Amino acid sequence: MQNLLHNLNPEQLAAVTLPAQSALILAGAGSGKTRVLTTRIAWLIQTGQVSPAGILAVTFTNKAAKEMMTRLSAMLPINTRGMWIGTFHGLCNRLLRAHYRDAALPQTFQILDTQDQLSMIKRMLKALNIDDEKYPARSLMYFINNAKEEGQRANDVVAVDDYTRMFVQLYDFYDQQCQREGVVDFAELLLRTYELLSRNQPLREHYQARFKHILVDEFQDTNNLQYKWLKLMAGRGSAVFAVGDDDQSIYAFRGANVGNMAAFEREFQVENLIKLEQNYRSHGYILDAANTLIAHNAKRLGKNLRTDAGHGEPIRIYEASNDLQEANWIIEESKSLIAEGVSRSEIAVLYRSNAQSRVIEHALFTAGIPYRVYGGQRFFERAEIKHAIAYLQLIDNPHNDSAFLRVVNFPTRGIGARSLELLQDTARQRGLSLHDAAAHVPGKAGTLLTGFVRMIENTRNDASLLPLPEMVQVVLDMSGLITHYQNEREGADRIENLEQLVNAAMLFISEEGFGKSSPALLGPQAQPMAGEAIVNQDGFEIMDADAPLATVMSPLSAFLSHASLEAGDNQAEAGQDAMQLMTVHSAKGLEFDAVFITGLEEGLFPHENSAKDEAGVEEERRLMYVAITRARRRLYISFSQTRMLHGQTRFNMKSRFFNELPEEALKWLSPKVQHHWFAQQQKAAWMDTPSRPLSSAQKDSGWRIGQSVHHQKFGEGVIVNIEGGGGNARASINFGPHGMKLLDLSIAKLEKVE
DNA sequence: GAGAGTGATATGCCT
DNA sequence: TATCACTCTC
């Protein structure tokens with residue numbers, strides 16, 4: 001125990017050793033949050049307050065869950081695999097597998113990722129002959145997911161207009177369709193589990209009694225359903241240990257509700273609110289900047305980071321005249337950092353939106369500096385992998401129509417659109433899945449379709465007793481995927497990926513504790529349950545969804561869940577020592593010796609879509625806070641007067657966030673920058689494209705695009721466009737925080753600012 | 001069924 | 001500007 005608590009600071013120690021009551025830990029950036037969380041679990045177990053089975057630890061990402069398990073195994077000689085540590089979705093999956101009957105799901109239900117969900121909705125809209133101009137699939141998807149995240153089924157949604165009524169009806173259809181096919185989307189995993197436990201008293205009480213300690217990571221990111229889910233799991237007796245940072249809440253746009261922190265404090269009668277404010281990551285000036293900036297947010301629980309490290313170096317600010325120049329400056333600074341001995345992987349370039357990465361990538365490429373961009377396509381999202389997975393899904397659950405349609409004619413088998421229409425009609429009329437309807441289709445189409453179905457069945461028969469990796473191999477061969485890609489010009493990479501899938505299957509069974517030779521399709525292995533038996537409302541004895549996945553699902557089902565729930569690495573080839581390029585969002589949780597935050601311009605950061613209301617600006621500010629606190633020793637912030645975006649040159653003002661940083665922590669590097677207009681000319685020359693000719697309006701009015709101006713009411717702005725001429729000329733002016741204004745040049749009292 | 005052509009569309013992205 | 005999904009054409 002000495003060991004465990006060794007080296008914790010007083011705040012951390014207090015948090016780790018709290019009594020068994022609900023507590024809220026406000027953990028600032030770099031304050032040792034994960035350490036506190038894992039040490040807390042280890043401490044509870046080691047002091048005999050709870051057994052590993054009595055712990056429920058929830059995270060948002062698989063990465064965080066894995067990290068927690070790794071650290072925990074290092075602290076205690078226990079097998080973490082059987083513990084209930086996982087993502088919300090992963091844990092729900094486990095519960096639903098164990099209690100599939102009570103949850104009214106087929107044992108082999110499958111999980112739709114976002115892509116699958118969208119294509120399913122599109123298919124449904126088409127089948128129902130719905131005008132997709134009026135009711136776009138994407139909007140419907142958001143509507144459905146939002147409703148589910150509010151805990152609402154179709155008939156819970158209050159529709160005030162016809163449009164919404166239509167959506168509600170489609171939501172209902174969608175749910176029915178999912179149920180028929182035996183598939184669930186991400187939100188459904190949570191909602192279904194929530195409903196299962198709220199309706200099923202014995203089950204609920206069983207788990208409530210079991211999980212004496214519930215620990216939640218990144219609590220500020222919980223959405224409303226997740227919060228309700230936690231309340232239900234906790235019941236009255238469990239202690240919930242919630243760790244979060246309201247200042248790092250940057251996912252409101254996808255339903256996260258920071259308000260859950262305040263609600264938690266109130267509803268769980270939190271007596272223990274502990275703030276972890278000691279920062280072990282960044283130097284003083286960097287923390288000063290973060291603290292000063294975030295203090296501008298009105299809605300905060302309040303927290304201030306401090307460090308024992310000295311001031312360190314000031315934050316370097318650079319003003320570029322255009323985005324190319326900004327990129328080149330990053331290259332130059334990086335080169336000198338590297339020359340100073342900073343390794344490339346310790347240098348990160350952050351940007352607000354992905355579109356900004358292009359210019360920087362180009363410059364890095366030209367300079368011959370290795371770099372890595374986060375956020376590309378992930379392994380399980382690749383088309384060829386999706387195809388292979390679809391075959392596996394059909395073997396596991398033939399009623400999955402999405403999977404059926406994905407591969408029925410891939411590789412091509414002469415089953416065209418008309419045959420499929422026939423099949424879908426037949427299926428609808430008879431209330432069958434596509435797979436089952438195939439036998440009822442007459443003619444040549446029918447022959448081809450039954451041929452496909454037979455191929456699936458044969459594969460299932462041939463492979464059912466094989467271990468998972470070998471099954472995957474058989475599927476690759478029998479489906480014709482490998483042959484197909486062999487004949488394709490650029491199929492080599494795809495074949496390589498498909499072979500990787502066999503490896504992934506191998507790795508998966510060994511990690512999840514499936515027997516090396518246990519048949520892929522064998523149902524849950526009959527193993528003695530660690531938990532006590534419980535009896536459900538119908539008098540059936542049910543098993544606790546205890547321990548490894550192996551006890552509640554077949555290797556194949558488990559692997560398919562894994563493929564949906566964990567899309568795999570989304571960072572490009574690791575290995576080489578490369579500079580790191582990523583959005584600010586994906587930088588959350590990471591840290592680097594040197595960080596560049598780029599594009600600090602009004603409209604970009606804060607983003608124009610968020611700057612309309614105060615809540616949006618506050619989230620952008622938190623985003624900037626996250627960006628700043630990624631840096632350990634050196635921080636650069638840059639902005640540019642002009643920038644190419646969507647094929648057009650934009651004139652931006654520097655971000656309002658500059659006014660919210662402490663001047664004494666900053667060092668302005670900017671050389672005398674050319675005037676906007678010259679910058680544009682020069683850039684045009686560089687890019688070898690003709691510059692925009694002066695319009696008559698620009699010549700006549702004495703004003704020009706790019707001119708900085710001052711307005712009595714709106715302050716400083718930049719002319720973005722001029723229309724009309726002579727006395728009627730009007731200009732669009734970007735006033736940053738005040739937005740874009742269209743002003744009559746002869747009326748508005750504008751002053752030129754040089 | 002592949003490839004060309006069209007047009008909408010462009011903040012962030014985990015599960 | 002560039003990408004992507006989708007339709008059209010041979």
Side-chain angles (χ1 to χ4, degrees), chain A residues 58-65 86-93 111-119 122 126 132-133 136-138 142 145 148-149 184-191 193 217-218 221-223 225-226 249-256 323 350-359 374-378 380-381 383 409-418 484 487-489 561-570 582-589 599 603-612 616 619-620 622-624 626-627 643-650 687 689:
Chain A
V58 199
T59 64
F60 278 86
T61 64
N62 292 296
K63 196 173 154 205
T87 62
F88 277 101
H89 296 85
L91 296 168
C92 286
N93 182 40
I111 301 164
L112 299 178
D113 66 20
T114 315
Q115 272 178 49
D116 301 334
Q117 188 187 18
L118 186 63
S119 65
K122 281 185 182 160
K126 209 170 208 173
D132 60 350
E133 299 267 282
R138 210 168 281 273
Y142 289 137
N145 290 342
K148 289 191 180 184
E149 280 166 16
V184 299
D185 57 54
F186 285 138
E188 182 73 23
L189 280 172
L190 280 151
L191 183 54
T193 308
D217 190 19
E218 305 275 18
D221 286 341
T222 51
N223 65 31
L225 180 55
Q226 285 159 339
S249 159
I250 56 174
Y251 285 113
F253 74 91
R254 61 174 195 222
D323 44 358
L350 309 186
Y351 33 83
R352 172 67 240 269
S353 59
N354 283 308
Q356 289 166 251
S357 75
R358 237 166 239 294
V359 190
Y374 275 61
Q377 207 184 23
R378 302 156 89 194
F380 283 106
E381 286 167 355
N409 200 34
F410 192 94
T412 48
R413 303 184 171 87
I415 301 174
R418 223 153 355 110
H484 172 84
N487 297 330
E488 208 176 56
R489 266 165 294 146
S561 298
H562 167 80
S564 306
L565 290 177
E566 196 172 349
D569 257 349
N570 69 350
M582 65 193 85
T583 63
V584 180
H585 279 93
S586 45
K588 191 176 156 204
L604 205 62
F605 202 176
H607 197 276
E608 53 203 351
N609 296 358
S610 307
K612 292 181 192 98
E619 179 145 320
E620 295 286 311
R622 292 193 291 269
L623 201 49
M624 183 62 187
V626 167
R643 184 177 296 280
M644 259 319 227
L645 204 64
H646 307 318
Q648 276 176 326
T649 306
R650 290 175 39 136
M687 302 193 73
T689 51

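Source: prediction; values computed, not measured. Chain letters run A, B, ... following the sequence lines, proteins first, then strands; residues in each count from 1.
The ring-ring contact (aromatic ring centres under 6.0 Å, His included) check on A:F380 picks up A:H562, with sequence neighbours excluded. Partners of A:A567 by side chain to side chain contact (heavy atoms under 4.5 Å, CB included), not counting sequence neighbours, listed by chain and number: A:R378, A:E381. Residues satisfying the side chain to side chain donor-acceptor pair (under 3.5 Å) test with A:N354, not counting sequence neighbours, are none. Among residues two or more places apart in sequence or in another chain, the side chain to side chain donor-acceptor pair (under 3.5 Å) test is passed with A:D116 by A:K386. Remark: A:F253 pairs with A:Y251, A:H585 by the ring-ring contact (aromatic ring centres under 6.0 Å, His included) rule, at least two apart or across chains. Taking A:E620 as the reference, A:R352 meet the salt bridge (charged side-chain N to carboxylate O under 4.0 Å, His left out) condition, with sequence neighbours excluded. In terms of the side chain to side chain donor-acceptor pair (under 3.5 Å) criterion, residue partners of A:Q356 (sequence neighbours excluded) are, by chain and number, A:S353.
Taking atom P on both nucleotides, B:dC13 is separated from C:dC4 by 16 Å, rounded to a whole Å. For B:dG12 and C:dA5, the P atoms lie 16 Å apart once the distance is rounded to whole Å.
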Nucleotide-resolved protein contact map, nucleotides 2-10 of chain B, B/S/- at heavy-atom distance under 4.0 Å: -S------B

Where protein sits on nucleotides 5-10 of chain C, one letter per nucleotide: B base, S sugar-phosphate only, - none, heavy atoms under 4.0 Å: SS----

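Applying the 3.5 Å distance criterion, the base of B:dT15 shares a donor-acceptor pair with the side chain of A:T114.
Taking atom CG of residue A:D217 and atom P of nucleotide B:dT15, one finds them 13 Å apart after rounding to whole Å.
The phosphate of B:dC13 (OP1 or OP2) has a side-chain N or O of A:T583 nearer than 4.0 angstrom.
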